[in-house]
Amino acid sequence: MKEITYVEAIHQALWEEMERDDSVFILGEDVGIYGGAFRVTEGMYEKFGELRVLDTPLSESGFTGAAIGASLVGMRPVVEMQFADFISCAFDQIVNVAAKNYYRWGGKTPIVIRAPYGGNIHGGAFHSQCPEGWFFHTPGLKLVAPAFPSDAKGLLKAAIRDDDPVIFFEHKFLYRRIKEEVPEDDYVIPIGEARIVQEGSDISVITYGAMVHTALEASKNLEESGISLEIVDLRTLMPLDKETVFDSVKKTNKVIVLYEATRSGGVGAEVAALISEEVFNYLDGPILRISAPDTPVPYSPPMEEYYLPQVEDVVEAAEKLAAY
Amino acid sequence: MKEITYVEAIHQALWEEMERDDSVFILGEDVGIYGGAFRVTEGMYEKFGELRVLDTPLSESGFTGAAIGASLVGMRPVVEMQFADFISCAFDQIVNVAAKNYYRWGGKTPIVIRAPYGGNIHGGAFHSQCPEGWFFHTPGLKLVAPAFPSDAKGLLKAAIRDDDPVIFFEHKFLYRRIKEEVPEDDYVIPIGEARIVQEGSDISVITYGAMVHTALEASKNLEESGISLEIVDLRTLMPLDKETVFDSVKKTNKVIVLYEATRSGGVGAEVAALISEEVFNYLDGPILRISAPDTPVPYSPPMEEYYLPQVEDVVEAAEKLAAY
Amino acid sequence: MDVERDTLHQLYYYLKLTRHLEERITSLYRQGKIVGGAWTSNGTEAISVGYSYALEKDDVTAPYFRDMGVFLVRGITPRRIVAQYLGRKTGVTGGKEGNVHIGDINFGCFGFPSHLADNYPVAAGAALAFKIRGEKRVAASSTGDGGTSRGDFHEALNFASVLKLPVVFFCNNNQYAYSTPLEKQMAIKDVAERSLAYAMPSEIVDGNDVVAVYKVSKEAYKKARAGEGPTFIECKTMRMHGHSEHDAAKYVPRELLEEWKKKDPILKMENYLLENNHASENELKDIDKRVHDVIEDAEEFAENSPYPDGKEAVEGLYATPIEKVKTL
Amino acid sequence: MDVERDTLHQLYYYLKLTRHLEERITSLYRQGKIVGGAWTSNGTEAISVGYSYALEKDDVTAPYFRDMGVFLVRGITPRRIVAQYLGRKTGVTGGKEGNVHIGDINFGCFGFPSHLADNYPVAAGAALAFKIRGEKRVAASSTGDGGTSRGDFHEALNFASVLKLPVVFFCNNNQYAYSTPLEKQMAIKDVAERSLAYAMPSEIVDGNDVVAVYKVSKEAYKKARAGEGPTFIECKTMRMHGHSEHDAAKYVPRELLEEWKKKDPILKMENYLLENNHASENELKDIDKRVHDVIEDAEEFAENSPYPDGKEAVEGLYATPIEKVKTL
Ligand SMILES: Cc1ncc(C[n+]2csc(CCOP(=O)(O)OP(=O)(O)O)c2C)c(N)n1
Ligand SMILES: Cc1ncc(C[n+]2csc(CCOP(=O)(O)OP(=O)(O)O)c2C)c(N)n1
Ligand SMILES: [Mg+2]
Ligand SMILES: [Mg+2]
């Protein structure tokens, strides 16, 4: 197995799916000749031609709607948002058309929307957002948010083969910062399954995306103090793998929910709510949440650092909770 | 004091604010000559003229953006969405422009967006949605959702006078179904304050909108079994009045979160998460949530009834929780 | 273009079927049997009937809510449609959706999302799929004059034109969007002028003349199929009822309605058929009889159909259910 | 229209200031001092300088990200702008925002939201306020050629035209949207054709000729102020760098750049001033000196400015804070 980056894993998954299935095609701004703002589709235009790697006019709602229409007649479009922030311009098509087609009238809508999201790149309010919470509160969508190259590859393949609209949240900060050995052959990571990325006994950290790595680092820092974290990487946000989360809580009896999105509402709130509702009896302490505060993402480095959950925040919370 | 309906209270608040302050104006589809799809602006076109009660082209993003621009130069526009469902078409302007103006660059954006929301009117997936959860997860907005005529009037006035963007969620089902004595003079209900609409000792029901009335009815039905509900009407969803919620939980030690929106994420999840985080020690049982399931709103009456939280659901949950 | 006698009869049949089915729905509404809202395309039926009848079986449509004729022409039965209005299990969407929020992929009909113009980019996308696969199929979509003010209208037409997609966009210009008259909706005279922004060819047609709509559509589809790109077709007509059944439409000048009453599409078609000997009085009577019977049958069927089970509300969210996690 | 000597000198000053300030920013970017991204308006400065200089003090602008000239002309100082790029407390937004995502209501500059064309309806709304209050003020907004494909472009122009609002919309047509050339962006030849869909008057102007842009803007503002409604102005130019500093723009034919290099707006203005005796060599040198000094000062100021405190991140979310509830 070769070590590849997160972004290479995404590239590979796309490439292989395009080769495997003629009905897969890519559309979005600058995905063609240019190979995508983050070079995810590099070389594909040359390989698969301009109709299957389609440069669109600057119109998120238009090309997302078009992807929906194409999917209704049997295609499997993969839409690239240049930054996840711009998904707001396609919001209506996603939440009212794609998400509701199947429930309302049985219209199968197998589209994938790739959304490069997240902060820590000094991108400011419009190039750093974590918009998954909006879609998490929209029945009919599936949401995945891998933290590792191998998951990214397997989940993107699963997303493309799935018959429902899937938003694939790929974390920009991870693109070139993490590497991992990834199987070179065809494999799929099923949508809807969380993964224990680290077994532990004292506290369950429920998290996803870039924060998985923050949790892993915190865990190392906690070795000295003898606090053992069990880290649950949700991988799929919707539908949520309650079973794996609950099993972990039953084992550790203490929970930290760690997420990069803004605090109120969204995925992190739901995880806490689910636990306090369904496995309350197993809890030996409050469910702590570590997240971004309820503000836009600030630009200046000291502010962004303050804004984003840091390793020390996790360490501190874990110490507090362990002592509980 | 005169008894007036919920919709009359909204009409009154608007009328009085239009008279009080020249910078207040109304825009939206069919708000002028027609007086609004729900007749909320009836008579205003004749009274205040076509520029202050402005019929717009069918373009939610356009007229919401226009409201933002007008507010930046000192106006206080009140935007009417014909149904809250169509707010998705203006999503980008709301979450990226209005919500972030002040934080990003100090641009004061005192707009009010009136959003007739909610189900139980056999409106199907596109005329029944509760979209507040999307905006709850968007820092920079204020959200109010009154359950009574008097609150509707006072909160709409507060919203109009507030210097931040406020979404005013008015529940369509309540429009003509509830009446109440409402002060005829000028008064304001401060944004950010929940209200105990019924004191009780056994279980706190945290709720808002039409579900407040469901809770009240459930409470009556529970008299026999001697279970006493304390009903907290949030009234303002963002920012959330944690203090009042927590005080109630500290008193009753048991919680039901009741909301009409779909289950995962959103306001209800946050209320549960906050409680399980900050007043965990006071809890004598799991935090139960009663909500709509994670699907679009179905049309056929038996389905919609099954879908929406019912009085019996609250009764059942209360009995279960009381026995805990 | 010569239109065959049989085609003319079929156009007449569907015109009548659309009119009378919607009238029946209105009367069911007045009886309180329809729990949600009810709209009709009254006076504008020639548009939906004409443009859909000109399609081939393989083509697809992405209609809007004054397109009852499309559903009927495409083959969705009146039985299923009335049942849909009554919220029955036998309705097009099994009770999940109401009234004209219909869709059935088996008949090449995409569902109508209430949000006006949302279906324009969707239609363009279907056309894109046909182009990618080299299929000679077309997509047709329509919206109201009001719907053309929405951003999705712009993004769809621009997209379709740049990519020369086999899609034809129709506008039912009935001069009002709810209470909003055309001059408050746009500064141009003809909606067709909108297409200039995309270098897209356009046509203006008498929306009350079903044969004219049929012909102009057929031509546009032919061009689209030949790879010559999209067309925008404005069909001029007049909304003869309120926006919906609960709207008295006091804001519409009575004279306007009087004037347009004379141009009723059914009247026009009847005269055309008889005057040109394309049909005899008896043939038309036979058609009327058929229409009547079909509607009676549909109503009976629908009223005798069961409601869905409440708990079907939580079924069918996903086409690929996730076994491991039950979300509901 | 005759343009006064002093105005010409000012236009030249701002052209140069914009060019050199952005060049300095580029060099700071290359030194790794700018933590986020950096874009320039290189080669297209005449547009932002020209249209904003033609405004009155009371007017407002809703710019986009190649409008550095607007910020400078309106009076936002280079000091605050460089500090903004460096994420300092003394920057226009106190560190909350980066680079050209600037806004300062005191100078009638609305913030630029990244989402292209979002500012078009916002500008229309300011114009609506002026109209409601009977003020003789105008709003100006601009976007790129790519931005005109977005729905908000359509909704804004339609809205402004129907209501005859005192707003002027500019398009910086630099022939590319990131890597996407015009012919993949729209099927029309001139962006100005878009305005036909709204019966909105339009102008096409040489976007590299600052005097021409100034004049055509002035005329349009005059009409707007007189109640004659909006204008759309297409400024033809060429993006001379990559989309941003990290883009080598290999997709742009070199000949196109060569050709446009000769039409550089600063060169053009210099020649115009000298050839017509509107300025002497010495006067131009003096201006260059001023520009140089201002930029030196700005950089020094910015580099010596403190960063904001991290916890300022959670301040200033609301203009009317809610006393009772601390959200953060
Ligand atoms: C985006 C959006 N906003 C608002 C509505 C509510 N609405 C339903 S029909 C209608 C008027 C439509 O007018 P037009 O497009 O001319 O179609 P017509 O009803 O005249 O056929 C409105 C405003 C909607 N369906 N979609
Ligand atoms: C709605 C939206 N989608 C995508 C982007 C990302 N983006 C930033 S600039 C750009 C190209 C803009 O092209 P154009 O409008 O022609 O302006 P130019 O950069 O050429 O001045 C894109 C796609 C954006 N800012 N907004
Ligand atoms: Mg109409
Ligand atoms: Mg450009």
Side-chain angles (χ1 to χ4, degrees), chain A residues 28-39 45 50 54-63 65 81-83 85-93 119-129 262-264 291-308 310, chain D residues 34-37 84-89 91 93-99 101 111-118 143-153 176-181 184-187 243-244 246-247 249-251 306-318 327-328:
Chain A
E29 291 150 8
D30 310 297
V31 295
I33 295 189
Y34 191 63
F38 295 101
R39 332 293 310 157
Y45 181 89
E50 65 173 346
L54 190 74
D55 280 321
T56 62
L58 208 161
S59 50
E60 282 77 5
S61 191
F63 63 71
M81 293 288 154
Q82 199 155 83
F83 283 76
D85 306 72
F86 303 122
I87 205 170
S88 55
C89 297
F91 190 75
D92 174 54
Q93 284 284 348
N120 217 357
I121 57 154
H122 310 306
F126 294 131
H127 293 77
S128 310
Q129 293 178 68
T262 54
R263 189 168 194 75
S264 295
S291 71
D294 282 341
T295 72
V297 187
Y299 170 80
S300 183
M303 281 170 153
E304 190 177 16
E305 201 188 311
Y306 184 90
Y307 173 91
L308 291 172
Q310 302 294 335
Chain D
I34 288 170
V35 281
Q84 160 93 355
Y85 270 85
L86 299 183
R88 305 305 164 99
K89 196 170 162 54
T93 64
K96 290 250 176 78
E97 259 290 18
N99 49 58
H101 290 98
F112 162 58
S114 264
H115 299 62
L116 286 159
D118 274 16
T143 195
D145 42 289
T148 68
S149 296
R150 273 212 56 236
D152 276 21
F153 170 89
Y176 281 85
Y178 213 144
S179 74
T180 309
K184 285 191 172 187
Q185 191 66 246
M186 56 191 79
H243 164 67
S244 62
H246 66 263
D247 168 24
K250 293 197 197 124
Y251 47 82
Y307 283 101
D309 227 42
K311 58 179 177 310
E312 287 174 42
V314 294
E315 289 166 12
L317 180 67
Y318 289 133
T327 32
L328 299 168

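In what follows, chains carry the letters A, B, and so on, assigned in the order in which the sequence lines appear, proteins first and then strands, with residues in each chain numbered from 1.
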* Quick one: what part of D145(D) sits under 4.5 Å from any heavy atom of chain A, side chain, backbone, both or neither? -> neither
* If you measure from CZ on F126(A) to CD on E97(D), what distance do you get to the nearest 0.5 Å? -> 6.0 Å
* Asked: How about L58(A) and Q185(D): do any of their side-chain heavy atoms sit closer than 4.5 Å?
  -> yes
* Approximate separation, where rounding is to 0.5 Å, of D309(D) CG and Y306(A) OH -> 9.0 Å
* Structure fact -> One option among A177(D), G87(D), G310(D) has the most heavy-atom pairs under 4.5 Å with chain A, and it is G310(D)
* To do: Flag the pair S114(D) / F83(A) as yes when at least one side-chain heavy-atom distance between them is below 4.5 Å, and no otherwise.
  => no
* Region of E304(A) in contact with chain D, defined by heavy-atom distances below 4.5 Å -> neither
* To do: Mark yes or no for whether Y299(A), through its side chain, and Y85(D), through its backbone, hold a donor-acceptor pair below 3.5 Å.
  => yes
* To do: Side chain from CB out, backbone as N, CA, C, O: work out which of these in F112(D) comes under 4.5 Å of a heavy atom of chain A, or both, or neither.
  => backbone
* To do: Using distance alone, with no hydrogens and no angle criterion, decide if D55(A) and S179(D) have a side-chain donor and acceptor under 3.5 Å apart.
  => no
* Asked: So which heavy atom on V314(D) is nearest to which on T295(A), and how close?
  -> CA-CG2, 4.0 Å
* Donor-acceptor contact present, side-chain H115(D) to main-chain D85(A), <3.5 Å -> yes
* Is chain D contacted by the side chain of S88(A), its backbone, both, or neither, given a heavy-atom distance below 4.5 Å? -> side chain
* Structure fact -> Closest non-hydrogen contact found for Y307(D) with S300(A) is CD2-OG, 3.7 Å
